[in-house]
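Working notes for the structure below.
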Amino acid sequence: MRHGLVPVPRSQRDDDDSGGLLLRAPIRLTGPVDAVALLREGIARRTGLPLDQTPVDTAPEVSLRVDRGGAPESYRLHVSPAGADVVGADAAGLFYGTRSLLQLLTETPAGWMWPAVDIDDAPRFAHRGLMLDVARHFFPVDVVERLIERAAALKLNVLHLHLSDDQGWRLALDRRPDLSARASQTAALGDAGGFYTRAAWDRLLACAAAHHMTVIPEIDVPGHTHAVTLAYPEVTRAPVITPEVAETIAAFGGGTPVTGEPYTGFAVGFSSLRIGETTTSDFLADVFGELASLTPGPWLHVGGDEALGTSSADYAVFIAEVTRLVRGLGKTPIAWHEAGGVADIAPGTIGQYWGFVSPRDGMDEKARGFVRAGGRLILSPADAIYLDMKYDARTPLGLTWADGPTPLERAYDWEPTAIIDGIEESDILGVEAAVWTETIRTEQDLEAMVFPRLAAAAEIAWSPAAALDWPGFRERLAVLAAGWDAAGVAYTRADGVAWITP
Ligand code: TNX
C-alpha cells in the first residue's frame, strides 16, 4: 500500500497480505493522556470520524505506552487487523510513533484504515530544527502554533526563533521595556510589526512543549541591531554603509538606514552595538539574563552573523564576552558560523553553519573553530535548506543569493558529513532549515516556502543516510501532501513530484 511516511523510518516491514486495521468508530485509544489526546485529535481531523463515542470492549485497540531503555526519541509501531501498538522509549518517542500512525492513515473504498506494518525507528540526529525569522516579518502565536504542529509531524524537535533584527524587536522584556514599546511596530517592506507579550510567549512555549519541541530564542548581536537604536541608542553605533550594503539598497530599494528611524529594507551588516563599553555590557546582561529566565531549553542563540559594521578586533572581544555571558547564565550559547573564527570563543559554544554545501571563502574553517573549542555544529547549508530561497525562477516570493533558486531536489540531495572536511558525524549536533522572512508576509507565504522543502530537511535530519532515496521520497511526499491539502496548507507543488490531489 502506498503511504506518506516522511521521514522514512529506520526499519519498516509491510504486511500487505493481512489487509490492515479498519478504523471504525468507536475505537479504543489507551495510554498516557496527552499522547492519546493529540492522537485522537489528529485522527478526528484527518478522517472526520466521531471518536468521542464511548468505545465498547470489543472495539479494536490502539495502545500507546512508554517502555524505557531504547535510544532517545525512538519508537516501535505494530499494526495488524486486530489493533495497533505504539511503544516509545520516552514520551517524545511515543509522540513520534503517533505521528507515524497519522501519516499512515489511508482512505480506501472500505473506509479509513491503517496498513499492517512493523516499524522500528529512531532519529539520526538529536537536533532537528526549523528557524523562523519573526523579525523581518512578525508572525503571531497562532501562526507559529500551526507551524509547530506541522513541523513536529515531520519529527522535528527544535524551533529556533530569530527574535530581533534591524527591522524590529519581537519579545517584550521587563528589564528593557523600550525594546518592544519603541522598536517593534515596523517590519520589512513597511509592513506592520508586532511582538510577543509574556502571555503570548508562554502560550508559544506551551505549544512547543506539548509537541516535544525545544524553543531556541535568538537575539542577534552585535550586528542586525538597528532596531535597538530606536529604544536604547546609547548602545548602538551609526550605520556603516559598505559597498555591499549600498548594492543591496540599489537592488531592492528600502532606502538607506538612518539612526533613530525604523529600517524596513533588506540590507544586512550595517548596524553594530558599541563594543567594549559598560552601557553595552549592561544591556547584554539585562537582555540575555531575562531571556535565560524565559527559556526552558538549554540554549540561547547570540547571532554573530554578518557583523560587517564591526571591526574584527571588536568582534573578537564581543564574541568572547557574549558567549561567556550566556555560559554564566547556565545556558549553552549558539552562534552563526562567523563566530567560530574567534579563537577565544567560550568553550562548548555550538556553531550554526549557514555556508554552502561546497564551502568557500573559509566558511568551513570558521565552522571547525567551534569543534576545536569543544563545541558541535548545527548544519543549515543555505543552498540546500534556506527555505526563503526561490524554488525556481517563477517563484513569486523569496531570494536567490544562495547560488540561485533551490528546487526541492537540492533540499534533499546532500549529506551532512560530506560538507566540512574533518567534521565527523559525532561533531554534528543536527540539521536546521531556516526561513528568513524579508519577502514573506503572510501565513500562506510562509507555508508556500516551507512546504514541501521542510519535509526534505526533516528526512535528512531523522533518517539514516542509507535509507535516503529521492524517487521514494517523492512518492511518499505526494501521499503526505494529501494530508496537507485536507488541512488547507498552502504548500508549493514543486516540480518533479506527481502530486495526487488536484
Ligand atoms: C543571510 S543567514 C542572513 C540573514 C538574511 C538571509 C536571507 C544569516 C545568518 N544571515 O540575515 O535574512 O541571509 O536569506
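Atoms within a ligand are numbered from 1 in the order they appear, just like the ligands themselves.
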For ligand 1, find out whether one of its N or O atoms is nearer than 3.5 Å to an N or O atom of [X].
X: W436; result: no
X: W354; result: no
X: R136; result: yes
X: D133; result: no
X: D165; result: no

Tell me which protein heavy atom sits closest to [atom], plus the residue, atom name and distance to 0.1 Å.
atom: atom 5 (C) of ligand 1; value: E438 OE2, 3.3 Å
atom: atom 3 (C) of ligand 1; value: E306 OE1, 3.4 Å
atom: atom 10 (N) of ligand 1; value: D305 OD2, 3.0 Å

Validation row, ring centre W401 to ring centre F266 under 6.0 Å: no

Validation row, ring centre H127 to ring centre W299 under 6.0 Å: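 H127 vs W299: aromatic centres under 6.0 Å.
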
Contact check, side chains of P407 and K390, non-hydrogen atoms, under 4.5 Å: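 The answer is no, as the side chains (C-beta and beyond) never meet within the 4.5 Å cut-off.
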
NZ or CZ of R376 within 45° of F125 ring axis and under 6.0 Å: no

Lys/Arg cation over aromatic F283: R176, 6.0 Å, 45° cone: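 No, cation not above the ring by the 6.0 Å, 45° rule.
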
From the candidates Y386, F266, Y353, the one that places a heavy atom nearest atom 2 (S) of ligand 1: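 Nearest option to atom 2 (S) of ligand 1, by heavy atoms: Y386.
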
Subset of ligand 1 atoms that lie under 4.0 Å from at least one heavy atom of [X]:
X: W401; result: 1 (C), 7 (C), 13 (O), 14 (O)
X: L399; result: 7 (C), 14 (O)
X: D388; result: 7 (C), 14 (O)
X: H224; result: 11 (O)

Donor-acceptor pair between W354 and E338 side chains, under 3.5 angstrom: yes

Residues D142 and R146 bridged, charged N to O under 4.0 Å: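 R146 and D142: salt-bridged.
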
Salt bridge (Lys or Arg N to Asp or Glu O under 4.0 Å) evaluation trace for D344 with R324: CA-CA 10 Å; D344 196 25; R324 278 180 181 72; 3.3 Å; yes

Aromatic plane relationship, W484 with Y491 - under 30° parallel, 30 to 60° tilted, over 60° perpendicular: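 Plane angle between 30° and 60°, so tilted.
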
M389 to ligand 1, any heavy atom closer than 4.0 Å: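 Yes, M389 has heavy atoms under 4.0 Å from ligand 1.
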
